[in-house]
Amino acid sequence: MQQQRLSPGPLLDENGTLAQAGWAASEVRAYDRKRVAASKLRIKEWDYYCVLADGDAGPYGIALTVADNGYMGLLGISWLDLAGRTEVTENKLVPFPLGRMGMPSSADAGDVVIHRGAMRIEFRNEGQARRLIVDHPGFDGGRGLSGELLLSQPPMDRVAIATPFPRAPKAFYYNQKINCLPAWGSIRVDGVTREFDATSAFGVFDWGRGVWTYDNTWYWGSASGLVDAVPFGFNLGYGFGDTTAASENMVFHDGVAHKLDRVHFHRPADTYDGAPWRFTSSDDRLEMEFDPLLDRAADVNALALRSTQHQVFGRYSGFVLLDDGTRIEVENLLGFAEEVRNRW
């Protein structure tokens, strides 16, 4: 296993190539869009939040996306009724934003404020909290969706990974995922208010900046919550780029990161939500079964951009071993697993 720790410094060198590949538990490498050597058409920048609540009446959640993908921008809202096994996703496309959406250069500073017609999405960084504001009167045929969530972010580890692409020196992906964000607030959908309480609602923040090769498939699994009253979560993934320096697989327990080796997704044949998935790590420190509740399937097809997505929400059960060998038993932890193919 090669697990290269990132050292502090610029993400890209003077030639616009990745200065160092590897992982860290904080944002130690600084992204500067001006250093990117590729065309503005090829730069991908996005912020994505998913907040899931495990309420007494069953689980529900919301996912919000703002992405500037060079020749196409995207604003996305998904409302997830996991108890009823239904979802509504609506996307607005922004032609040729080319960096004008103003995505922050850091995951720890800056706001995202986007209005497109009557749709409004705001991600406000408040230091040790993140405020998510959404208003979309036309959501789901005019039923409407609006609300505000506050995600607490006490000092804690995350996964930050810098990944090169083989035979593409100008391509790179710098990704940070922050799990275990307790959520307060409410979302009103079709006249019904759904509450989010920090004892049972947790978010994950996915911050991505990079230049991708055209055709890639990725696998991502994520969960956050409480296990024995302690904040617990994990990030699992693979499928693109040169990951010989590091994988993105990491467990978070009480704010501390525990690095895993390779993790394999054993998706059932010919289905995404018709049978359980399995997850195993090459270092035998993680074994999970994932019981699907809902497949949020989407196919965004616009000009040269196409994204075929299966984001499957459900519950994880199994075990992980922390760095000191402590075994954590997990039962019915709410999260998701996805397979996404992007041609962009």
Side-chain angles (χ1 to χ4, degrees), residues 1 3 23-26 48-54 59 61 63 82 107 151 153-161 163 175-183 200-208 218-239 243 246-267 276-293 311-340:
M1 176 180 64
Q3 297 286 1
W23 72 277
S26 63
Y48 168 85
Y49 288 88
C50 181
V51 186
L52 301 179
D54 209 357
L82 302 181
L151 276 57
Q153 188 182 330
M156 59 181 177
D157 289 342
R158 70 188 69 172
V159 57
I161 184 166
T163 303
N175 184 218
Q176 299 180 62
K177 294 191 176 81
I178 306 177
N179 286 66
C180 305
L181 300 171
S200 59
F202 293 86
V204 60
F205 175 37
D206 173 19
W207 182 94
W218 73 56
Y219 296 86
W220 179 27
S222 180
S224 296
L226 297 177
V227 174
D228 297 327
V230 175
F232 174 87
F234 52 77
N235 184 82
L236 311 174
Y238 65 97
T243 58
S247 71
E248 63 177 282
N249 302 308
M250 194 176 288
V251 172
F252 307 96
H253 183 258
D254 202 16
V256 178
H258 301 260
K259 190 73 180 65
L260 303 177
D261 197 354
R262 310 293 165 179
V263 172
H264 188 68
F265 291 37
H266 305 270
R267 182 174 66 81
W277 299 33
R278 288 181 57 247
F279 297 78
T280 57
S281 66
S282 61
D283 52 14
D284 298 321
R285 289 180 52 188
L286 176 142
E287 189 168 319
M288 290 283 167
E289 184 171 281
F290 175 70
D291 188 18
L293 294 172
Q311 185 180 31
V312 183
F313 295 86
R315 296 187 181 275
Y316 286 91
S317 298
F319 75 88
V320 298
L321 299 179
L322 304 183
D323 288 345
D324 64 0
T326 300
R327 182 181 173 108
I328 305 296
E329 300 286 345
V330 177
E331 185 174 357
N332 294 326
L333 183 66
L334 200 59
F336 58 83
E338 70 178 32
E339 178 184 289
V340 175

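Start at 1 with the first residue, then count along the sequence.
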- Item | salt bridge (Lys or Arg N to Asp or Glu O under 4.0 Å) contacts touching residues 317-326 (sequence neighbours left out) |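 Residue pairs with at least one partner in residues 317-326: Arg285-Asp323.
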
- Message: One pair to check against side chain to side chain contact (heavy atoms under 4.5 Å, CB included): Trp220 and Lys177. What are the steps and the verdict?
- Response: CA-CA 11 Å; Trp220 179 27; Lys177 294 191 176 81; 3.1 Å; yes

- Message: If you apply the rule side chain to side chain contact (heavy atoms under 4.5 Å, CB included), what do you find for Thr163 with Asn175, and how did you get there?
- Response: CA-CA 8 Å; Thr163 303; Asn175 184 218; over 6 Å; no

- Message: For a quick test of reading the model, state the closest non-hydrogen atom pair linking Phe202 to Cys180 and the distance between them.
- Response: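 Shortest heavy-atom contact: CD2-C, 4.2 Å.
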
- Item | Residue pair Leu151 / Ala183: nearest heavy atoms and the distance that separates them |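 Looking at all heavy atoms of both residues, the closest pair is CD1-CB, 4.0 Å.
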
- Item | Mutual orientation of the aromatic rings belonging to Tyr238 and Tyr219 [parallel < 30°, tilted 30-60°, perpendicular > 60°] |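 Geometry flag for Tyr219 against Tyr238: parallel rings.
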
Could you measure the distance from the [atom1] atom of [X] to the [atom2] atom of [Y]? Nearest 0.5 Å is fine.
{"X": "Arg278", "Y": "His264", "atom1": "CZ", "atom2": "NE2", "value": "9.0 Å"}
{"X": "Leu236", "Y": "Phe290", "atom1": "CG", "atom2": "CZ", "value": "11.0 Å"}
{"X": "Tyr49", "Y": "Asp206", "atom1": "OH", "atom2": "CG", "value": "10.0 Å"}
{"X": "Asn235", "Y": "Phe252", "atom1": "CG", "atom2": "CZ", "value": "6.0 Å"}

4.5 Å side-chain heavy-atom contact, [X] and [Y]:
{"X": "Ser281", "Y": "Asp261", "value": "no"}
{"X": "Phe234", "Y": "Leu260", "value": "no"}
{"X": "Phe232", "Y": "Val251", "value": "yes"}
{"X": "Trp23", "Y": "Met250", "value": "yes"}
{"X": "Ser222", "Y": "Asn179", "value": "yes"}
{"X": "Met156", "Y": "Arg158", "value": "no"}

- Take Glu338 and Trp218 through the side chain to side chain donor-acceptor pair (under 3.5 Å) test and state the conclusion after the steps. CA-CA 8 Å; Glu338 70 178 32; Trp218 73 56; 2.7 Å; yes

- Task: Evaluate the side chain to side chain contact (heavy atoms under 4.5 Å, CB included) criterion for residues Ser26 and Gln176: first the C-alpha distance (whole Å), next the side-chain angles of each, then the deciding distance (0.1 Å), finally the verdict.
- Result: CA-CA 8 Å; Ser26 63; Gln176 299 180 62; over 6 Å; no

- Is Lys259 salt-bridged to Asp157, going by a charged N under 4.0 Å from an acidic O?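 Judged by the 4.0 Å cut-off on N to carboxylate O distance, Lys259 and Asp157 do not form a salt bridge.
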
- Message: Between Ser317 and Asp291, do the side chains contain a donor N or O and an acceptor N or O under 3.5 Å apart?
- Response: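 The answer is no; no qualifying pair exists.
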
- Query: Which is it for Arg262 and Thr243 under the side chain to side chain contact (heavy atoms under 4.5 Å, CB included) test, yes or no, and what are the steps along the way?
  - Reply: CA-CA 10 Å; Arg262 310 293 165 179; Thr243 58; 3.0 Å; yes

- Message: I want to know whether Phe279 and Phe265 have ring centres closer than 6.0 Å.
- Response: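 Yes, close enough.
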
- Message: Which residues pass the side chain to side chain contact (heavy atoms under 4.5 Å, CB included) test with Leu82, not counting sequence neighbours?
- Response: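 Listed in chain order: Leu52, Pro59, Leu80, Leu293, Leu294, Phe313, Leu334.
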
